[in-house]
Amino acid sequence: MPSRCFACALLSVVKCRESVKVIAMDEKYFPEKVEEKWQQRWEESGAFEVYVDEAKPEFYCLEMLPYPSGFLHMGHVRNYSIGDAISWYKRLRGFNVIHPIGWDSFGQPAEQAAIKRGVNPRDWTEENIGHMRGQMKRLGISYDWRREIAAHAPEYYKWDQWFFLKMYERGLAYRKMSQINWCPREETVLSNEQSSGGVCWRCGTQVEKRDLEQWFLRTTRYAQQLLDGMKEIETGWPERVLTMQRNWIGRSEGAYLDFQIKGTEERVRVFTTRIDTIYGANAIVMAAEHTLLAKLLENSQLKPDVERFAEKVRATRRRLEPGEEEAKEGINTGMLAINPFSGESIPVWIANYVLMEYGTGAVMSVPAHDERDFEFAQKYSLPIRQVIGRISHDQKIVPTTEEGGGDQSAVMTQAFTDYGALINSGEWSGKLSEDAKREMAEFSEKNGFGEAAVTYRLRDWGISRQRFWGAPIPIVYCQRCGIVPVPEKDLPVRLPERADFTGVGQSPLAGVSEFVNTSCPKCGELAKRETDTMDTFVDSSWYFFRYCDPENSQMPFSKDAVAYWMPVDQYIGGIEHAVMHLLYTRFWTKMMRDIGLIEFDEPVKNLLTQGMVTNIVEGTGEWKAMSKSLGNGVDPDEMIQAYGSDAVRLFVLFAAPPENELRWSEAGIEGAVRFLRRVYSFVWRWHERLSDAMQKGSEPSQEEFSQPARALRRKTHQTVERITDDFESLHFNTSVAALMELSNALYDFNAQPVAASASDAYAIREALESLVLMLAPFAPHVSEEMWEALGHDGGLIKGNARWPKANPDLARKEELEIPVQVNGKLRSRVLVAPDISEEELRTIALSDEKVKSYTSGHEIVKVIVVPQRLVNVVVK
RNA sequence: GCCGACGUAGCCCAAACUGAGGCAGAGGCACCAGUUUUAGAAACUGGCGAGUGUGGGUUCAACUCCCACCGUCGGCACCA
């Protein structure tokens, strides 16, 4: 389309004098000026504001929302540069792209600032947001700013509370006294996910166990669905994230079995994944915290000893270093349990290696086939009976006497944990483990002493936090009515303006009497509010749904808006959220589906986990993640000021594949600027001639192009193919390399703007416009500037610029260089037409002089011809 | 200890490790030389480089497949 001058409607923007300012382009590249100009243009034209439009395909590009700490760091810059590149690419491909941003603005640093410096958390937070928003705008990220949200806004956290009530109604939110993970440094509770490995996810402090009354969300109800749902996202998520989630959920198939305690009516239930080994059970081992213990010991003479031991175990467990393993210790309770399969009586022990939190808190000990039980049996000289035999030769050989059901403890040196065939197992002997597991579970169920069972490692999500700066849990405690949910119409339960931030003990809200004291929504009597607030991971579990409809005051979001935009097509963030945030948000999605808000199961189709940005630590030579304490941080603002946002972003995308660590290098940025400058000055040299050539719309015929012009066109179309592929697989670094190649090809093309033939100018314009368009996702400001200089009005977005299309015919090589090997060693190359037949290629290769010099005097045994690829001559 | 990922020029990274074995180099940084400059920087021009962590095997042919080992990183860690 030739463009017309706005002022005089002359077809050529170059010839019209009024329009000279439209295409005004500085001779030199001044990033600051270009970036300011286009940021302003974008804002004025609403370039990135999008609406539901059923006629257009939508694309949801999402970056993990930042915590407003006050300053962007390079990790943010990397995150947003990736997201912006994808957004621009999809827009140029004709998609209706939603690209929003917001703030994870509840959380403890704001409260820490309040404790330390007496500032109001809200003021602190909002000031930080203001500063960081400015930084993002200077980066020129293409957000639809009208959709910005902040977790600490009552209009937002109202809906956290609303969801809580919906879950409470459905029994998905509940309160219980439980042993929780307590971070002594932050003085608050942590969820299981947040205390993984026994340390606080944020400060690394070793967590303690405490008994506290807490609110939980029943994530375990969705354990199986969270597992099953992975099939749907398998292709779009990194394998290791799925593996981590799978491990975390920890599904385990096995069976429950009840062991009668001799002389009582009590039964102890165990969970086992190896019911096939039950004939080898030599004891029942219970956790020290087991609830049946007290009752069973009532009449036992050993009661004081056993209780003393149990208390000791509980005490040491509490102060155990993370990752540290205690030596196995146990005590015989003197009681006997009856093996429901064999009828045999076996002792009941208490031991420190059995955990109350997993399974049933009791296990059957089978030392011959379980390493832990083996170790335990060795220590206490318990008998060891082998009941599984080796069935294949690659299974490890464990020395045994291989006969009878006798004690093997003198012979076996380790447990045999593989599956095999049952031996010494009564009527079950001879069966394979796999079959026995199924059949024995069925048998136990039929006879009323057990059943097949599945357990999960996943625990319910504890969301109570003893904190001020979070969404209040909308619950009231009434003397008369008990736990009463706040009615929906009274939401939000607002945080008070101020509170005393002592930094110790209970939530600061407990000290704000006008907050705590309220009336019961049911009976109207005086009542007290819940003073804990919600884990901030609640806010981030559904924020990207809210972006679709951020102003809605009736509902968290409209079903229609979400149905159009969601699920997220591309999510980009750090690997550190692989389990916590990404598991919670999947849970939340399934919950929202079940309350009828949405109709899909998985919130995120494709996930990209970006690598860290590292910098050398002065004096050590080590590359570490940028941080204040190490003094190796780099301020994005300084970089933008020195090199421009475009160069910073280009470098960040070019320096490494997105999943890899990115090593910061100032020299690398300089390289990026140099490249932009090269492209820019090329456009400068040619823009008058090329925007003039716009009048000549039609493509010259193939014969009109010179040989070099055809080569340039080939390069152009090949590059378009490559970069389009790279984008689909998110290989930004190789895209940039390809752009540099194309730019080099342009420089190598020998033509002068004034003297160039029409066909040469056409080839150059094609190459240059493609280059500029494909550069836009990496360096949008300067690309806009160059696009305009090449004679296009309205900007890339509002002017409806489209990603270039590759013509495969033009991209195809006219000649192929085929390597010829002799005995696998490269000896020559021959030039042939791409469509050459196998037979011809073979003949040409064999008659090649260099090849001949290696084959003469030898017998040709074989000639391998790989069409389009190579020829290998095998000689003797 | 268990599970997973990864090892290519001085460095970051390519080459279909993706369902398929087929010329190890696209690009950048650094380095060297030249042009320009009072000098430096910048810019431009031209150069420099590894046989793919190690050792075996399969094959006409292995970065690619198989086996063993070494190293780095990450996750889990008494989960029955």
Side-chain angles (χ1 to χ4, degrees), chain A residues 196-198 235 238-248 250-252 254-255 270-275 277 285 287 322-328 351-355 357-366 369-373 375-376 455-458 575-576 578-579 611 623 650-651 654-657 659-675 677-678 681 719 722 725 729 731 733-744 747 817-829 861-875:
Chain A
S196 176
T235 52
E239 182 54 40
R240 65 177 181 143
V241 173
L242 295 174
T243 305
M244 282 164 77
Q245 293 209 356
R246 226 174 261 126
N247 291 343
W248 191 263
R251 181 188 154 101
S252 165
V270 304
F271 177 71
T272 177
T273 54
R274 292 300 302 273
I275 190 173
T277 65
V285 186
E324 191 189 335
E325 202 168 296
E326 298 170 274
K328 291 185 177 48
N352 61 351
Y353 76 98
V354 176
L355 309 173
E357 302 88 66
Y358 188 79
T360 60
V363 302
M364 63 181 205
S365 165
V366 185
H369 305 290
D370 181 285
E371 277 161 24
R372 296 151 303 179
D373 296 339
E375 199 186 314
F376 190 68
T455 60
Y456 299 90
R457 204 185 79 119
L458 182 75
I575 185 74
E576 65 272 20
V579 171
W623 291 87
L650 182 72
F651 168 70
F654 174 54
E659 306 81 3
N660 286 20
E661 171 188 343
L662 188 158
R663 296 192 163 187
W664 187 256
S665 142
E666 198 138 339
I669 296 212
E670 283 169 19
V673 186
R674 206 173 301 148
F675 169 64
R677 216 159 21 214
R678 254 164 88 80
S681 41
T719 305
R722 270 178 68 186
D725 286 350
S729 49
H731 293 159
N733 54 326
T734 51
S735 294
V736 179
L739 287 174
M740 289 171 170
E741 269 184 73
L742 181 57
S743 141
N744 291 343
Y747 267 88
E817 199 185 48
I818 304 287
V820 184
Q821 301 177 335
V822 178
N823 281 349
K825 288 205 178 71
L826 180 67
R827 294 306 187 192
S828 182
R829 296 160 196 278
V861 185
K862 204 181 198 182
V863 180
I864 291 125
V865 179
V866 185
Q868 315 249 333
R869 278 275 160 80
L870 108 170
V871 178
N872 187 11
V873 185
V874 187
V875 299

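If you're wondering where the values come from, they're calculated on a predicted model, not measured in any experiment. Chain letters run A, B, ... following the sequence lines, proteins first, then strands; residues in each count from 1.
Atom CZ of A:Arg869 sits in a sparse spot, with 12 or fewer heavy atoms from other residues, nucleotides or ligands closer than 6.0 Å.
Across all strands shown, B:A15 remains unpaired; no Watson-Crick or G-U wobble contact has both distances below 3.5 Å. Under the Watson-Crick or G-U wobble criterion, with both distances below 3.5 Å, B:U38 is left unpaired in every strand shown. Base pairing annotation: B:G51 forms no Watson-Crick or G-U wobble pair, as no partner gives both donor-acceptor distances under 3.5 Å. The partner of B:A33, taking Watson-Crick or G-U wobble pairs whose two distances both stay under 3.5 Å, is B:U45. In this structure, B:G22 and B:C60 make a Watson-Crick or G-U wobble pair, each of the two defining distances being under 3.5 angstrom. Both distances falling under 3.5 Å, in either a Watson-Crick or a G-U wobble arrangement, place B:G1 opposite B:C76. Pair check for B:G7 finds B:C70; Watson-Crick or G-U wobble, both atom distances under 3.5 Å.
Backbone-only engagement by A:Gly671 is indicated by non-hydrogen atom pairs under 4.0 Å involving sugar-phosphate atoms exclusively. No engagement by A:Glu670 is indicated, since no non-hydrogen atom pair under 4.0 Å with the nucleic acid exists. Residue contacts shown for A:Val861 are absent, as no nucleic acid heavy atom lies under 4.0 Å away. Using a 4.0 Å heavy-atom criterion, one finds that A:Thr243 contacts no nucleic acid atom at all.
For the pair A:Ile669 CD1 and B:C12 P, the interatomic distance rounds to 18 Å; values are reported in whole Å. The interatomic distance linking A:Asn823 (CG) with B:A62 (C1') rounds to 16 Å, in whole Å. Rounded to whole Å, the distance from CG on A:Asn660 to P on B:C11 is 15 Å. Distance CD1 (A:Ile864) to P (B:C23): 14 Å, rounded to an integer number of Å. Counting to the nearest Å, the P atom of B:G4 and the CZ atom of A:Arg246 are 12 Å from each other. Rounded to whole angstrom, the span from the CD1 atom of A:Ile818 across to the P atom of B:G22 amounts to 14 Å. Taking atom CG of A:Leu662 as the reference point, atom P of B:C13 lies 8 Å away to the nearest angstrom. Between A:Arg677 atom CZ and B:A43 atom P there is a gap of 6 Å when expressed in whole angstrom units.
Considering only the side chain of A:Met740, B:G28 comes nearest among B:A16, B:A80, B:G28. When distances run from any side-chain atom of A:Arg663 to the nucleotides B:A80, B:C12, B:G22, the shortest one goes to B:C12. Set against B:C60, B:A30, B:A14, the side chain of A:Lys862 has B:C60 as its closest nucleotide. Nearest to the side-chain atoms of A:Val874 among the listed nucleotides B:A80, B:C12, B:C60 stands B:C60. Counting only heavy atoms from C-beta on, A:Phe271 has its side chain closest to B:A80 among B:C13, B:G28, B:A80. Across B:G22, B:A80, B:C78, the shortest atom-to-atom separation from the side chain of A:Val363 is found for B:A80. Looking at the side chain of A:Asn872, the nearest of the listed nucleotides B:C13, B:C29, B:A61 is B:A61. Here B:G27 is the nucleotide among B:G27, B:C78, B:A61 with the atom lying nearest to any side-chain atom of A:Ala737.
Looking at A:Asn733 and A:His731, their side chains come closer than 4.5 Å, going by heavy atoms from C-beta outward. Within the 4.5 Å cutoff, the side chain of A:Asn872 has no heavy atoms near those of the A:Lys862 side chain.
OP1 and OP2 of B:C11 both lie 4.0 Å or more from every side-chain N or O belonging to A:Ser665. Residue A:Asn352 places none of its side-chain N or O atoms closer than 4.0 Å to OP1 or OP2 of B:C78. The shortest distance between the side-chain N/O atoms of A:Arg674 and the OP1/OP2 oxygens of B:A43 is below 4.0 Å.
Every side-chain hydrogen bond (donor to acceptor under 3.5 Å, both in side chains) that A:Trp248 has, sequence neighbours left out, goes to A:Glu193. The salt bridge (Lys or Arg N to Asp or Glu O under 4.0 Å) search around A:Glu661 returns A:Arg663, not counting sequence neighbours. Among residues two or more places apart in sequence or in another chain, the salt bridge (Lys or Arg N to Asp or Glu O under 4.0 Å) test is passed with A:Asp370 by A:Arg372. Applying the salt bridge (Lys or Arg N to Asp or Glu O under 4.0 Å) criterion to A:Arg274, with sequence neighbours excluded, gives A:Asp276. With sequence neighbours left out, A:Thr272 forms a side-chain hydrogen bond (donor to acceptor under 3.5 Å, both in side chains) with no residue at all.
When the P atom is compared between B:U8 and B:C3, the two are found 25 Å apart, to the nearest whole Å. Distance noted for atom P between B:A68 and B:G75: 26 Å (whole Å). Nucleotides B:C11 and B:C31 are separated by 12 Å at their C1' atoms, to the nearest Å. Taking the P atoms as reference points, B:G56 lies 15 Å from B:C63, given to the whole Å. Spacing of P atoms, B:A15 relative to B:C65, comes out at 15 Å, to the nearest Å. For the P atoms, the distance linking B:G21 with B:C32 amounts to 44 Å, nearest Å. Between the P atoms of B:G4 and B:G55, the separation comes to 26 Å (whole Å). Taking the P atom of each, B:G74 and B:C29 are spaced 30 Å apart, rounded to whole Å.
Between A:Glu239 and A:Arg678, the residue anchored nearer the 5' end of RNA chain B, judged by the nucleotide with its closest heavy atom, is A:Glu239. For A:Gly359 and A:Gly668, each mapped to the nucleotide of RNA chain B holding its nearest heavy atom, the one lying further toward the 5' end belongs to A:Gly668.
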I'd like a table of atom pairs between the protein and nucleotides 71-76 of chain B - only N or O on both sides, under 3.5 Å - with the distance next to each one.
residue: B:C76; atom: OP1; partner: A:Ser196; partner atom: OG; Å: 2.3
residue: B:C76; atom: O3'; partner: A:Arg457; partner atom: NH1; Å: 3.2

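With a 6.0 Å cutoff to the six-membered ring centre and a 45° limit on the axis angle, A:Lys328 counts as a cation-pi contact of A:Tyr353.
B:G74: glycosidic angle beyond 90° from 0, hence anti.
The two atoms that bring A:Tyr358 and A:Arg457 nearest to each other are CE1-CA, 4.1 Å, heavy atoms only. When all heavy atoms are compared, the tightest approach of A:Phe271 to A:Gly359 is CB-CA, 4.2 Å.
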